[in-house]
Amino acid sequence: MPMTMQATFAEVRNHAKQYLDIVASGESVADIVPVLAEIPSSKRRMAQPLILDGVSVRRMILEGRQTGL
């Protein structure tokens, strides 16, 4: 069974040669997977739509696509 470890991007970047040497020898090094947020959902800020001149930017983009702008 493969050993499991976690590394930050900075750690991987700083030791890239070691990881690439392992890969060059034929071994797999990593699976990149999402990290679960450590902030409880009740504490997370909900995303708010961006509004310009009373109209959501999302709506402006969608309407622009429909009219070919």
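With sequence neighbours excluded, the residues that form a side-chain contact (heavy atoms from CB on, under 4.5 Å) with Glu11 are Ala7, Thr8. Qualifying side-chain contact (heavy atoms from CB on, under 4.5 Å) partners for Val55, counting only residues two or more places apart in sequence or in other chains: Arg59, Met60. For the side chain to side chain donor-acceptor pair (under 3.5 Å) test, residues two or more places apart in sequence or in another chain that qualify with Asp21 are Lys17. Residues meeting the side-chain contact (heavy atoms from CB on, under 4.5 Å) test with Leu20, sequence neighbours left out: none.
Linking Ile, Leu, Val, Met, Phe, Trp and Tyr whenever their side-chain heavy atoms come within less than 4.5 Å puts Val23 and Val12 in one cluster.
The one candidate from Arg58, Glu63, Arg65 that meets the side-chain contact (heavy atoms from CB on, under 4.5 Å) condition with Ile61 is Arg65.
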